[in-house]
Amino acid sequence: MKTNKNYLYIIKNVKSPELILVYNISNNNFILLDKNKIIINDNYISNFELHYITEQDYNLVYIYNNKKYKKPIKIVFSSKNHENPLLFNIYTKHNNSYQILKSNCENILCSTHYVKTKTSTITSFNKKSAYVFYLSYKNLLPCRIRINNDLFNVLGYTKTPNILNNKKNKNNQNNQSNDYNITCDVNRDLHNSYKVKYTNKCKYINFKDNVYNNKLKDCSITNKKYGLLNRIPKISEIFTQLLKRKTLVKAGKVNRKLVKIKNKLDDKLGDNETREYNDKLKNTITPEYKEVLGTVLEDFSNLDDDKKTTQEYKKLLSKIYENSKEYKLLGKYKMCKGVKLTNVCNIENVVECQDKCNQIHDCAHLSYDRKKKVCKLFNTCKTMKNDYNHMTYSKKSILRNNGYNLYNSFLLHQNTPIPEMPLFIRIMMFICGTVIVIILSILFFRLFKILIKFILCFYYDTCYSPTELLNIFLFRDAEVQKRYI
């Protein structure tokens, strides 16, 4: 049977926590041994399981020569409260009587020694520290609690074994909250235990599921509410971080590959102009386009030597720079769905596909199939579908086509690469435009009417100077006798 690590204990005495209880099989007695000493004699057992029998009867289970053995003992607990850290007295059977185990330590600076036994009747809990023992996990468990349905590890603390609570949990295995109704004790062997105050009230903390214990703040040296808590990320957050890490690693590989290819080409074909282009590309292209740059430069480096000239290298760098400013990535693993113009086969990379798009006036979007080397050109791209072999690009502006070309922009003014305007906004703009046209029409009509009257007034010599208008302001009783324009 495989030992369950969660229930493998070591036993200590409160008077000498640096010593652990060891059972000597050959002499059938117990020793308190320095926990830092290595036990090489198989007759000395330091790791035990405690199996419940009755309220006070337990079996001290240990492994010897790959077999399990049981030693009956009686345990008297300090409290029957399941939530308290369990302190207890140990009684071993000797003939027809019981003997209580007792440490022989005078103070905390105690060395290895045999445990004394004293014949005694089993009564209530003996509070003298020499008789008091407690459990510790052989393999320490973190103090993991739940607050507001988020999991936290409590810094400086480890989970306290509680065999009474374990028994209770077995009867309520479906109740998950029992896993977080725990007691934790400070462990000064942990590196982060310095964050816990050295006070008696901070030695143990009892936790309830989804309930914050104010001791966490009181026992923190920073006196902060969450000073001793370290939040455990959820599974979704772990996967998100994993994907980011994977993307970061991939970006590092792309950068190393790109630097290697550029150095190789610069050593053979480079000059000051090519270095300026490379610096410009390094500072301007997006991280997604660096992968395209690496692919294009790798294809160029694999050409025959007669085709790899400095001039061709400069043209290529210039083309990549222009295309990187002209196009944006819509989806790395997406294929455009819209009005398709044509398919062009035997296209080695995205830059060549972008050049094909620039040759067609109606082209505003493209999807490149890197597996089949097919360039798919589109006039519109309303939706996209998932496709691992495709990457889709769109023109950033209709003005930019082989540079900023107003003639081409005039030809392409109805084929904007940006998505169509929503119907609601188009209706609102139509209504607003109609209202503006009506208002302007009325104003122009009034102005035209005034102009006509003004001309007729001069023609028939019927114009009057509006001097009596001054009387209106000077004398309130005056009335206007004539009508003016």
Side-chain angles (χ1 to χ4, degrees), residues 3 7-65 67-81 84-138 160-164 166-167 185 203-204:
T3 301
Y7 295 94
L8 194 62
Y9 305 110
I10 57 177
I11 303 173
K12 298 180 181 181
N13 182 262
V14 295
K15 202 168 187 179
S16 50
E18 296 300 315
L19 304 180
I20 60 174
L21 190 67
V22 176
Y23 178 55
N24 187 345
I25 298 174
S26 58
N27 295 335
N28 191 27
N29 56 19
F30 288 91
I31 304 171
L32 280 170
L33 183 69
D34 189 339
K35 69 178 183 180
N36 295 318
K37 287 187 177 180
I38 300 174
I39 301 174
I40 59 176
N41 191 335
D42 292 339
N43 290 329
Y44 290 85
I45 307 298
S46 61
N47 303 323
F48 305 97
E49 292 180 17
L50 280 174
H51 290 186
Y52 174 87
I53 301 175
T54 64
E55 187 175 348
Q56 289 186 336
D57 294 314
Y58 286 81
N59 279 329
L60 200 63
V61 181
Y62 57 90
I63 297 176
Y64 177 68
N65 290 335
K67 292 183 180 180
K68 278 196 172 184
Y69 295 89
K70 296 183 290 185
K71 181 175 179 60
I73 61 172
K74 284 187 178 291
I75 295 179
V76 178
F77 292 104
S78 61
S79 171
K80 293 184 179 180
N81 188 346
N84 283 347
L86 292 180
L87 304 175
F88 52 84
N89 306 137
I90 302 175
Y91 291 84
T92 60
K93 193 170 184 179
H94 182 70
N95 296 328
N96 294 325
S97 61
Y98 283 91
Q99 295 179 330
I100 187 170
L101 300 188
K102 177 187 177 183
S103 170
N104 197 26
C105 290
E106 297 296 332
N107 51 57
I108 195 171
L109 299 175
C110 188
S111 59
T112 300
H113 64 276
Y114 280 97
V115 175
K116 288 184 177 182
T117 56
K118 177 183 176 182
T119 303
S120 172
T121 56
I122 300 174
T123 57
S124 59
F125 177 71
N126 192 327
K127 296 181 180 180
K128 292 182 180 180
S129 59
Y131 298 96
V132 179
F133 294 85
Y134 65 96
L135 295 175
S136 179
Y137 286 109
K138 170 64 178 175
T160 303
N162 192 328
I163 53 179
L164 285 181
N166 291 341
K167 176 179 173 293
D185 63 294
K203 287 184 177 180
Y204 294 96

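We count residues from 1, following the sequence as given.
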Determine whether the aromatic ring centres of residues Tyr58 and Tyr52 are separated by less than 6.0 angstrom.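 Close enough - the centres of the two rings lie under 6.0 Å apart.
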Within the 6.0 Å centroid threshold, strictly below: Phe30 and Tyr114: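 No, the ring of Phe30 stays outside the 6.0 Å limit from the ring of Tyr114, centre to centre.
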Backbone N/O of [Y] and side chain of [X]: donor-acceptor pair under 3.5 Å:
{"X": "Asn41", "Y": "Asn43", "answer": "yes"}
{"X": "His113", "Y": "Ser111", "answer": "yes"}
{"X": "Lys15", "Y": "Cys105", "answer": "yes"}
{"X": "Asp34", "Y": "Asn36", "answer": "yes"}
{"X": "Asn13", "Y": "Ser103", "answer": "no"}
{"X": "Asn89", "Y": "Tyr131", "answer": "yes"}
{"X": "Thr160", "Y": "Asp185", "answer": "yes"}

Using 0.5 Å steps for rounding, measure from the [atom1] atom of [X] to the [atom2] atom of [Y].
{"X": "Gln56", "Y": "Ile75", "atom1": "CD", "atom2": "CD1", "value": "9.5 Å"}
{"X": "Asn27", "Y": "Asn29", "atom1": "CG", "atom2": "CG", "value": "5.0 Å"}
{"X": "Ile73", "Y": "Lys93", "atom1": "CD1", "atom2": "NZ", "value": "13.5 Å"}
{"X": "Tyr9", "Y": "Phe48", "atom1": "OH", "atom2": "CZ", "value": "13.5 Å"}
{"X": "Asp57", "Y": "Ile122", "atom1": "CG", "atom2": "CD1", "value": "7.5 Å"}
{"X": "Phe133", "Y": "Phe88", "atom1": "CZ", "atom2": "CZ", "value": "8.0 Å"}

Which pair of non-hydrogen atoms, one from [X] and one from [Y], has the smallest distance, and what is that distance?
{"X": "Val132", "Y": "Asn126", "answer": "CG2-O, 3.5 Å"}
{"X": "Ile25", "Y": "Tyr64", "answer": "CD1-CD1, 3.5 Å"}
{"X": "Pro17", "Y": "Tyr134", "answer": "CB-OH, 3.5 Å"}
{"X": "Ile20", "Y": "Ser46", "answer": "CD1-CB, 3.9 Å"}

May I ask you to test the [X]-[Y] pair for a side-chain heavy-atom distance under 4.5 Å?
{"X": "Lys71", "Y": "Asn59", "result": "no"}
{"X": "Lys102", "Y": "Lys118", "result": "no"}
{"X": "Leu32", "Y": "Leu21", "result": "yes"}

Check this for me: Lys116, atom NZ, are more than 12 non-hydrogen atoms of other residues, nucleotides or ligands nearer than 6.0 Å?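 No - once you tally the heavy atoms of other residues, nucleotides and ligands closer than 6.0 Å, there are 12 at most.
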Does either side chain, that of Tyr23 or that of Asn28, offer a donor lying less than 3.5 Å from an acceptor on the other one?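 Yes, side-chain donor-acceptor contact under 3.5 Å.
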Exercise: do Asn95 and Ser97 side chains pair donor with acceptor under 3.5 Å: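 Short answer, no.
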Check the pair Lys12, Leu19 against side chain to side chain contact (heavy atoms under 4.5 Å, CB included), reporting the backbone distance first and the verdict last. CA-CA 6 Å; Lys12 298 180 181 181; Leu19 304 180; over 6 Å; no
With Leu60 as reference, evaluate Ile45, Ile90, Ile11 under the side-chain contact (heavy atoms from CB on, under 4.5 Å) test and give the passing residue.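 Of all the options given, the one that passes is Ile11.
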Checking side-chain contact (heavy atoms from CB on, under 4.5 Å) between Leu87 and each of Val14, Val76, Leu135, which is the one that passes?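 The residue from Val14, Val76, Leu135 that satisfies side-chain contact (heavy atoms from CB on, under 4.5 Å) with Leu87 turns out to be Val14.
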List the steps and the verdict of side chain to side chain contact (heavy atoms under 4.5 Å, CB included) for Val115 and Ile31. CA-CA 5 Å; Val115 175; Ile31 304 171; 5.6 Å; no
